Amino acid sequence: MSPDSPLPPQYDPTGLERELYGQWERRGLFEPASDHTSRPGPPRAERGAVQPSSRPYVVQMPPPNVTAQLHMGHGLNNTIQDVVVRFERMRGRDTLWVPGTDHAGIATQNVVERLIAREGKTRFELGRPEFERRVRAYVEETGRTILDQLRAIGSSCDWHRTYFTLDADLSRAVRTVFVSLFEKGLIYRGKYIINWCPRCLTALSNEEVEKVEVEGNLWHLRYPLEGGGHLAVATTRPETMLGDTGVAVHPEDQRYRDLAGRFAVLPLVGRRIPVVLDEAVDPAFGSGAVKLTPAHDPVDFEIARRHGLEALDVMTDDARMNDQVPGQFRGLDRFEARKKVVAELEALGVVERIERHTHAIGHCYRCDTVVEPRLSDQWFVRMKPLAEPALAAWREGRVRFIPEHRGLEYAQWMEGIRDWCISRQLWWGHRIPVWYCESPQCGEVSVSLTDLELCPGCGGPVRQDEDVLDTWFSSQLVPFSSLGWPDRTRDLARFYPGHTLVTAPEILFFWVARMIMAGLESMGEVPFSTVYLHGTVRDTLHRKMSKSLANGIDPLDVVQRYGADALRYTVVSGLPVGTDLILDPEDLEGSFAPGRNFANKLWNIGRFILGNLDGPVRPLGGNSPTVVRREELTLADRWIIARCEETVREATAGYERFRLNDAALAIHRFIWSDLADWYLEVIKPRLYGDQPGGDVARAVVTQTFDAALRLLHPVMPFITECLWRRLPGRTDSDSIMVAPWPGSDRRAPDAAAVRGFGALQELVAAVRSIRSEYGVEPGQTVRVTVSAPGDELAAALGEDE
RNA sequence: GGGCGAAUAGCUCAGCGGUUCAGAGCGCCUGCCUUACACGCAGGAUGUCGGGGGUUCGAAUCCCUCUUCGCCCACCA
């Protein structure tokens, strides 16, 4: 595409966006400017605006899951990031935005398991090495896809530094952190109640459990007491009674005072179970007596531990009743077992009553299966010592949240933090770097940076822990592991700590909070100072867009139909801070046409201006004798210049404060309502030679349009680049990406001009309205008495009015 | 059960401690294919600013209260 080729009346982004993106990438414009100044080879002329010594600006990209297909959430998230990256780059910052993919342990394993299930196989039949090979092959493909999709929406990230959380470098970081935490006593192994997903067959962290309020039953059961009488207990999960090993009441509960030391006899099972006194029991709830199932309830487990009661696991890995229960229940799924237990208890006449009861039930965040609390041997991170500095960082303002109130959620979570279960019974992930000596006499447990063949204690054979780490264990490290840590690389020195994280609130605890803790722990400083949490993409019924609801919008579809600029404009202008983005999947036209129309408007403004630039364009500033003098400017000229300066300030402030919609709308208003609707109309007589001052008009309109394009570039990078390069004195080897940000001179706008032309606009509008109301034809005389310069009015109305 | 938001035109939202605040975009209505753009131009209609009370000369704006939505957290079995 040559600057001289005629422009068609409609803007067509097809092909153009890809072409421009390719040019940017080839010219290295996505990389930090300092990479070029420090590398051998010729300096890059097009990087003029960026100073080698400029301050870095680092945005931390949330790495998409390696199996993900780009959805509107990604589109939204990466658009916002790209807007701020492009803005800061134009302001001269040495920007770094590193892309990557997350191996996404459970999510990826589930996907591949489903694939091999189609072949009628399970991962256990394939075996671990073969399964891992299959997953690797699969993600190689999907990982490329998602990153290419980020390109399609214009993301200006540094592809040279692309990472994958299972890369060797990042794996070394994971091990280093694991070993370090272990040596500090912050990682331990132990048998506790954890959240178990019976479908994924793995432990989950507390954060990976989604609580859903459900209306269920509270069964009041009568347990007979040894020596006569009975004790009523209340439970929402009758099937767990098969694993009861005690009953607890509050020590001060008058009703049960004399029960201490007595035994109940567990119905259906016949086991003698003691009645214990414990403060954890709430006398006001239910019957005031709690059946204790220490292997399947965290509170029961704690109570049982205090009283030395046995914990009896009554379920298998996939949540069927195991052989610890009476024969008729064995092999039953827990929910079938519930029905059968209730039926048999009813037959025994020990079901006192059933009340409706609403409570929150945990579900696996990956497969939505009801999570089973279960006693299990797992690895944990002691979080309290890590949380304290992270909390302090927020309190001291070293990290802030936008919107601000999200900081409270962060603080609340940090204050109530519980230990993090980090081991997963999966095959896809970072294997836990722990080796157990096979020799029973030695039994040494070794934690090691490097793989072990032999026991460091006795020299005998060792076997590595079978489990892998929670995905989030590695992703929490990316702010520094992706820069080369634990090596002390130049990148690390230049780009850590970074500045901005833009992400969805859903992963505040999974990822954001943990990155802050990990950064403080390993690097001594928070990884970023600003966390911008944006809203969710929803449909018109305000439902989250999701695959299962089939209410999603494919961003690539939008790009194809309307262009990436239109997608980006819609997303940015429609998303004020703290709100959700509502889009109608049934009406893409309604949602994205405004962005497409705006691009087209810009295109035609460009066509008009470029088509009327024959003749010299004089500079507006500088010392040249041909420079336009202030006295030559008309009221309209001064007004548009003043409005432009005003818009520069509004847009800059909007971008700076993450009020991207304010910025986008201010620019939109300026370009469409002020520049196109008024100024271009007003200067037509001058441009056509019907009035003097065409050269001044050309100078003003060129400068103004140039500034407007630069202001808009972060939001609509493609159309602005395309037009900007065609302005006088530019070539295709220039790029708006590194053009200086407008408004380096901080002059206040000409207030008199703003008011003056504003008043004129009102006058003209009044005249036009009179004209339409009284049916005055163009050419007829309308006599208006005004106290403003008549020539300005005549110019504004045009010659025939 | 704790913590936190939000309620303004049909829809999505501005309005940032009281002066052009009753607005924008979309949608809707009426004219226009005016040589940059019909993906456009020129006009137009639409809101007791959730209810109630208070402070004030003056309140979408500040205070209280009620109602309704939403978000985060939570071991009342």
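FYI, side chains are in, hydrogens and waters are out, and symmetry mates aren't considered; it's all heavy atoms of this structure. This structure is a prediction, so every number in the text was calculated from the model and none was measured. Protein chains get the first letters and strands the later ones, always in sequence-line order, with residue 1 at the start of each.
The gap from the P atom of B:A22 to that of B:A45 amounts to 16 Å, rounded to the nearest Å. If you take atom C1' in B:A59 and the same atom in B:U19, they sit 13 Å apart, rounded to whole Å. On the P atoms, B:U8 is 9 Å away from B:U12, given to the nearest whole Å. Comparing B:A60 with B:U48, their C1' atoms sit 12 Å apart, to the nearest whole Å.
Here B:G15 presents its C1' atom at 10 Å from CG of A:Asp662, a figure rounded to the nearest Å. Taking atom CD of A:Glu656 as the reference point, atom P of B:C16 lies 20 Å away to the nearest angstrom. With rounding to whole Å, A:Leu723 atom CG is found 17 Å from B:A36 atom P. To the nearest angstrom, P of B:G3 lies 13 Å from CD of A:Glu415.
When heavy atoms are screened at a 4.0 angstrom cut-off, A:Thr579 is found touching the sugar-phosphate backbone but no base atom. Using a 4.0 Å heavy-atom distance criterion, A:Asn661 is classed as making no nucleic acid contact. Using a 4.0 Å heavy-atom distance criterion, A:Val281 is classed as a base contact. A:Tyr688 comes within 4.0 angstrom of sugar-phosphate atoms only, judged by non-hydrogen atoms across all strands, and of no base. Nucleic acid contact class of A:Glu207 (heavy atoms, under 4.0 Å, all strands): none.
Less than 4.0 Å separates RNA chain B from at least one heavy atom of each of the following residues of residues 593-601 of chain A: A:Arg596, A:Asn597, A:Asn600, A:Lys601.
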Next item on the list: Report the secondary structure of RNA chain B in dot-bracket form, marking unpaired bases with a dot and bases paired to a different strand with |, and treating Watson-Crick or G-U pairs with both distances under 3.5 Å as paired.
Entry: ((((((((.[[[[.).......]]]].(((((.......))))).....(((((.......))))))))))))....
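Checking B:G15, B:C72, B:A77 against the side-chain heavy atoms of A:Arg659 singles out B:G15 as nearest. Candidate nucleotides B:G5, B:C72, B:C76 were compared by shortest atom distance to the side chain of A:His405, and B:G5 ranks first.
The distance between the ring centers of A:His668 and A:Phe598 falls below 6.0 angstrom.
Salt-bridge check for A:Arg374 with A:Asp313: passed, with a basic side-chain N closer than 4.0 Å to an acidic carboxylate O.
Between A:His296 and B:A77 there is no side-chain polar atom (N or O) within less than 4.0 angstrom of OP1 or OP2. Between B:U12 and A:His542, a contact under 4.0 Å exists linking OP1 or OP2 to a side-chain N or O.
Nearer to the 5' terminus of RNA chain B, by closest-nucleotide assignment, is the contact made by A:Gln10 (compared with the other of A:Pro505 and A:Gln10).
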